[in-house]
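Everything below concerns the one structure shown next.
Whatever order the structure lists ligands and atoms in, that order sets their numbers, starting from 1. Side chains are part of it too, since the values below use all heavy atoms of this structure and drop only hydrogens, waters and symmetry mates.
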Amino acid sequence: MNRRGITALENTTFEDLEQLKTTKNELTRFMMTYKFAIDEVNTKLNILKEEFQYIHDYNPIEHSISRVKSPESILKKAYRKNCGLSLAAIKENIQDIAGIRITCSFISDIYKVSEMITKQRDITVIERKDYIQNPKPNGYQSLHLIIKIPVFMSDRVEHTFVEIQIRTIAMDFWASLEHKIYYKFNKEVPERITRELKEAAVSATELDKKMERLHEEVKVIKNMENEEQQHVSDSPMNGEIRQLIGLLK
Ligand code: 0O2
């Protein structure tokens with residue numbers, strides 16, 4: 001440690017240390033709130049997944065990932081938004097500190113999952129951006145929700161923002177690679193690449209639509225098969241066979 005550092009330490013009072021400890025505690029609890037908010041939404045997602053699978057024999061959620069924004073990214077965003085650096089200002093103005101990304105199998109699943117989440121009574125929808133109905137000019141597609149969820153701490157309830165992005169596998173594939181390419185080119189992408197990325201987004205949409213159509217067709221075939229099976233098992237002949245099997249037991 002250099003001389004200046006030693007002098008600073010020598011001049012530190014007990015009150016300074018106490019203040020430092022309080023600030024550190026506040027900051028840790030602040031960040032923990034977002035982790036708990038994510039835990040709560042993840043629990044809801046797990047319940048929806050399991051129940052949906054049980055009822056419909058099908059799971060609309062392929063996978064989901066979550067993250068709490070790093071303190072560095074939070075500060076950068078606070079500077080960019082010029083919203084002030086107090087915890088209260090950050091809490092109010094930065095709504096994506098807690099983020100969850102849900103990847104669905106089909107476009108229709110996105111809206112099903114979104115509805116299942118937003119109709120829960122303890123969730124308040126603050127904002128809904130449908131970049132599927134209205135893709136961004138670069139081709140980006142996703143359904144974005146900003147929700148508020150109560151987090152029950154030991155001494156208070158914190159109503160906490162969570163950003164939820166819901167997209168298909170194809171949309172996610174495009175967004176992940178676009179993010180990488182953008183990052184690699186240091187945010188200055190040549191015009192040809194921008195155009196080709198947009199074309200790739202259109203191809204991803206076509207793929208999504210094709211898969212959705214096939215999914216619907218297979219559903220109709222399955223339903224017809226089920227009805228046929230039901231018809232066979234309801235027939236009087238089948239009743240007699242069941243009786244015979246019963247006697248043989
Ligand atoms: P990160 O690192 O993913 O969190 P905001 O900046 O959130 O206040 P904005 O831009 O209107 O306001 O929010 P929007 O449109 O809802 O987008 C927020 C997030 O969506 C981004 O977060 C990205 O994760 C994603 N996103 C939006 N547009 C694009 C895009 O063109 N390409 C890709 N790959 N992702 C996009 P962050 O904070 O930018 O980044």
Side-chain angles (χ1 to χ4, degrees), residues 30-31 33-35 37-39 41-42 45 61-104 107 110-111 113-115 117-118 123-149 159-208:
F30 180 81
M31 295 303 286
T33 314
Y34 290 97
K35 185 211 166 275
I38 286 178
D39 289 346
V41 179
N42 275 336
L45 291 179
I61 299 175
E62 284 287 328
H63 58 264
S64 59
I65 52 164
S66 53
R67 62 105 183 91
V68 176
K69 229 182 177 60
S70 69
E72 194 193 353
S73 301
I74 297 173
L75 284 180
K76 271 189 196 160
K77 195 158 185 173
Y79 268 118
R80 212 171 57 239
K81 288 190 129 194
N82 201 16
C83 66
L85 296 178
S86 70
L87 291 187
I90 289 173
K91 179 176 156 55
E92 205 41 50
N93 293 287
I94 303 186
Q95 300 178 338
D96 65 344
I97 295 178
I100 298 183
R101 187 170 291 156
I102 303 170
T103 310
C104 293
I107 300 172
I110 295 177
Y111 295 100
V113 170
S114 160
E115 202 196 327
I117 296 170
T118 54
I123 283 182
T124 311
V125 181
I126 304 295
E127 196 177 2
R128 182 179 185 276
K129 287 190 212 161
D130 191 342
Y131 293 125
I132 301 167
Q133 290 293 318
N134 306 296
K136 284 198 166 181
N138 62 355
Y140 176 79
Q141 292 190 67
S142 263
L143 181 68
H144 287 193
L145 301 171
I146 301 284
I147 59 151
K148 229 176 194 183
I149 188 165
H159 294 271
T160 310
F161 288 118
V162 178
E163 183 192 66
I164 305 178
Q165 300 179 349
I166 318 176
R167 48 174 77 154
T168 60
I169 303 168
M171 292 171 194
D172 190 51
F173 171 74
W174 183 93
S176 306
L177 297 194
E178 188 263 1
H179 191 269
K180 270 188 193 153
I181 293 167
Y182 206 69
Y183 183 71
K184 223 175 171 182
F185 274 87
N186 205 19
K187 310 226 167 185
E188 294 241 356
V189 189
E191 196 276 328
R192 185 184 56 81
I193 293 183
T194 311
R195 186 166 28 83
E196 287 196 34
L197 272 172
K198 179 83 185 272
E199 284 166 14
V202 172
S203 303
T205 308
E206 276 166 12
L207 189 61
D208 267 336

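Without hydrogens or angle criteria, S176 side chain to D172 main chain gives a donor-acceptor distance under 3.5 Å. Judged by distance alone, with hydrogens and angles left aside, the side-chain atoms of K198 form a donor-acceptor pair with the main-chain N or O of P137 at under 3.5 Å.
With hydrogens left out, the protein atom closest to atom 28 (N) of ligand 1 is K136 NZ, 2.9 Å, a heavy atom. At the top of the distance list for atom 36 (C) of ligand 1, counting protein heavy atoms only, stands Y140 CE1, 3.4 Å. If you check which protein heavy atom lies closest to atom 11 (O) of ligand 1, you get K129 NZ, 2.9 Å. With hydrogens left out, the protein atom closest to atom 15 (O) of ligand 1 is Y131 OH, 2.6 Å, a heavy atom. In this structure, the protein non-hydrogen atom closest to atom 33 (C) of ligand 1 is E178 OE1, 3.3 Å. Summary of contacts: the protein heavy atom closest to atom 5 (P) of ligand 1 is K77 NZ, 3.3 Å. At the shortest separation from atom 18 (C) of ligand 1 among protein heavy atoms lies E163 OE2, 3.6 Å.
The aromatic rings of Y140 and W174 lie tilted to each other, with the angle between the two planes from 30° to 60°.
Remark: ligand 1 and H144 share an N or O pair separated by less than 3.5 Å (distance only, no angle test).
Residues R101 and R167 have side chains in contact (heavy-atom distance under 4.5 Å, counting atoms from C-beta outward). Side-chain contact between K91 and Y34 is present, with heavy atoms from C-beta onward closer than 4.5 Å. Side-chain contact check for F173 versus T168: every heavy-atom pair is 4.5 Å or farther apart.
In summary, the atoms of ligand 1 found under 4.0 Å from a heavy atom of N138, numbered by their order in the structure, are 30 (C), 31 (O). Close approach of ligand 1 to A175 is summarised as follows: ligand atoms under 4.0 Å from at least one heavy atom of the residue are 34 (N). Taking every non-hydrogen atom of K69 and a distance limit under 4.0 Å, the qualifying atoms of ligand 1 come out as 4 (O), 38 (O). Under a 4.0 Å criterion applied to the non-hydrogen atoms of R67, ligand 1 contributes the atoms 4 (O).
By the definition of a contact as any protein heavy atom under 4.0 Å away, atom 2 (O) of ligand 1 is not in contact. Put simply, atom 39 (O) of ligand 1 has no protein non-hydrogen atoms near it, under 4.0 Å away.
In the displayed structure, E196 atom CD is contacted under 6.0 Å by more than 12 heavy atoms of other residues, nucleotides or ligands. Annotation: E72, atom CD; neighbour count of heavy atoms from other residues, nucleotides and ligands within 6.0 Å does not exceed 12. When the shell of 6.0 Å around NZ of K81 is examined, it contains more than 12 heavy atoms from other residues, nucleotides or ligands.
Across V68, T160, I97, a single residue satisfies side chain to side chain contact (heavy atoms under 4.5 Å, CB included) together with T33, and that is T160.
Neither the backbone nor the side chain of Q95 has a heavy atom within less than 4.0 Å of ligand 1. When non-hydrogen atoms are compared, ligand 1 lies under 4.0 Å from neither the backbone nor the side chain of Y182. By the criterion of a heavy-atom distance under 4.0 Å, neither the backbone nor the side chain of K76 is placed next to ligand 1. Using a 4.0 Å cut-off between heavy atoms, R101 contacts ligand 1 through its side chain alone, with no backbone atom that close.
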Begin with the C-alpha distance, continue with both residues' side-chain angles, and end with the deciding distance and a verdict on side-chain contact (heavy atoms from CB on, under 4.5 Å) for L143 and V113. CA-CA 11 Å; L143 181 68; V113 170; over 6 Å; no
For the pair Y182 and N138, evaluate side-chain contact (heavy atoms from CB on, under 4.5 Å) and give the outcome as yes or no after the intermediate values. CA-CA 11 Å; Y182 206 69; N138 62 355; over 6 Å; no
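Ranked by closest heavy atom to atom 19 (C) of ligand 1, the top entry among R80, K180, Q165, H179 is Q165.
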